[in-house]
Amino acid sequence: MLDIKITRTTSPKEKPQDETKLGFGKKFTDHMFVMDYTEGEGWHDARIVPYAPFPLDPATVVFHYAQEIFEGMKAYRTADDTIQLFRPDCNAKRFQDSADRLCIPKIPEEDFVQAVEALVDVERDWVPHTDGASLYIRPFIFANDVGLGVHASKHYIFCIICAPSGAYYAEGINPVRIYVEDEYIRAAPGLTGFTKCGGNYAASIKAGELAEEQGYAQVLWLDGVEKKYVEEVGSMNIMFKIDGKVYTAATVGTVLPGVTRRSCIELLKDWGYDVIEGKLAIADIMQAAREGKLEEVFGTGTAAVVSPVKELVWKGEHAYIGDGKIGPVTQKLYDTMTGMQWGKIPDTKGWIVPVEKKY
Ligand SMILES: *Cc1c(COP(=O)(O)O)cnc(C)c1O
């Protein structure tokens, strides 16, 4: 159990009036959670303090060598004003796996969840009321040794900030066009693909920008060795329904183990679908499209829940999926996941964690 010291702001910000204009990750709440790590002492000084910048020396390790990890999760408001989280234990566990790969000292899972719950409790009035809107939660750790030597830092800061964010599908669910990236890669065996680290994102921006310039919403990443097998789309996992079965890349080091991904797999299996986690060649997907067997394609991630894909382009060949609208299985996943998250349908899976009023 962390002993969290709370200092409340004396100048609270005005809450957003129009929740339809929130966007994503642009406005932040009044407070943040902070905890320090010092070698020899461990994690210490857990506290919730007014949201404020960090004064950092220009030679701070994270600026130069990107020793940094993060998580992404949401708090949801139900009709009876319960504030709830979705599988926070999964984020806690993944944060540890990311920490281990980046040589960052781990946070015990129960401390991570406690810290998230405490901050969300303090900020509960900031959780939006509008349907589909939520409080986005961003936990992160960065190295803050000062110096340019390349080795694991001896000091870190663990921080959590919250951003009230608008509905991802404010204008309805519109399937997207995806560019299959055959030059740049996101991950390779032995690298950091399975972690949520800033470096992965820095390295992926270029491909995303080029795809966007050509009118595509995201890139679909192929494996980093042969550029043959599909892995992820943008910063989401991706699933393909071909001839009645659902295929997705296995999470074997190069693929981020998404909480949404594993939740969708569990639901699909409950509904009787065969879900195959393994290697899926882009050539076979294009062939399935030619044969009319590529039924549904969708990304999965906390932000969008599911993101249906209507078109793929690979080496100049276009594959069109279904009739260009969201498919029935994609829609059912979306309805079930969001139903549980916003408390509209019963949580039959034990995935929902209400945030109790303590502070
Ligand atoms: C966060 C993330 C995902 C999705 O994970 P969720 O836990 O479902 O939000 C997928 N791929 C990448 C690269 C990510 O960073």
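Whatever order the structure lists them in is the order used to number ligands and atoms, beginning at 1. Each residue takes its place number in the sequence, starting with 1.
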More than 12 heavy atoms of other groups within 6.0 Å of K15 NZ: yes
Taking only heavy atoms of M236, which atoms of ligand 1 are found under 4.0 Å from at least one of them? 10 (C), 11 (N)
Atoms of ligand 1 close to T302 [distance to a heavy atom under 4.0 angstrom, numbered from 1]: 6 (P), 7 (O), 8 (O), 9 (O)
Nearest atoms (heavy-atom pairs only) where E68 meets F140: OE2-CB, 4.1 Å
Electrostatic pair K93:D89 at N-O distance under 4.0 angstrom: no
Exam field: side chain Q67 to backbone L102, donor-acceptor pair closer than 3.5 Å: yes
Protein contact to atom 11 (N) of ligand 1 [nearest heavy atom, distance to 0.1 Å]: E232 OE1, 2.5 Å
Polar proximity ligand 1 side, Y201 side, N/O cut 3.5 Å exclusive: yes
Give a yes/no on ligand 1: does S235 have at least one heavy atom closer than 4.0 angstrom to it? yes
T338 and Y334: which non-hydrogen atoms are nearest, and at how many Å? OG1-O, 2.6 Å
May I ask you to decide whether R47 forms a salt bridge with D36, counting only side-chain N to carboxylate O separations under 4.0 Å? yes
If hydrogens are left out, which of N237, V259, T260 has an atom nearest to atom 7 (O) of ligand 1, that is, the closest non-hydrogen atom? V259
Per-atom contacts, ligand 1 versus R186 - under 4.0 Å to a heavy atom: 13 (C)
For G258, atoms of ligand 1 separated by under 4.0 Å from a heavy atom: 5 (O), 6 (P), 7 (O), 8 (O)
Pair R261 + E277: basic N to acidic O under 4.0 Å: yes
What I want to find out is whether E231 reaches R186 closely enough, with some N-O distance under 4.0 Å, to be called a salt bridge. no
Pull out every atom of ligand 1 sitting under 4.0 Å from any heavy atom of K196, numbered as shown with elements. 1 (C), 2 (C), 3 (C), 14 (C), 15 (O)
Atoms of ligand 1 less than 4.0 Å from R94 heavy atoms? 5 (O), 6 (P), 7 (O)
Within the structure, does N91 bring an N/O atom to less than 3.5 angstrom of an N/O atom in ligand 1? no
Are any of the heavy atoms in M73 under 4.0 Å away from ligand 1? no
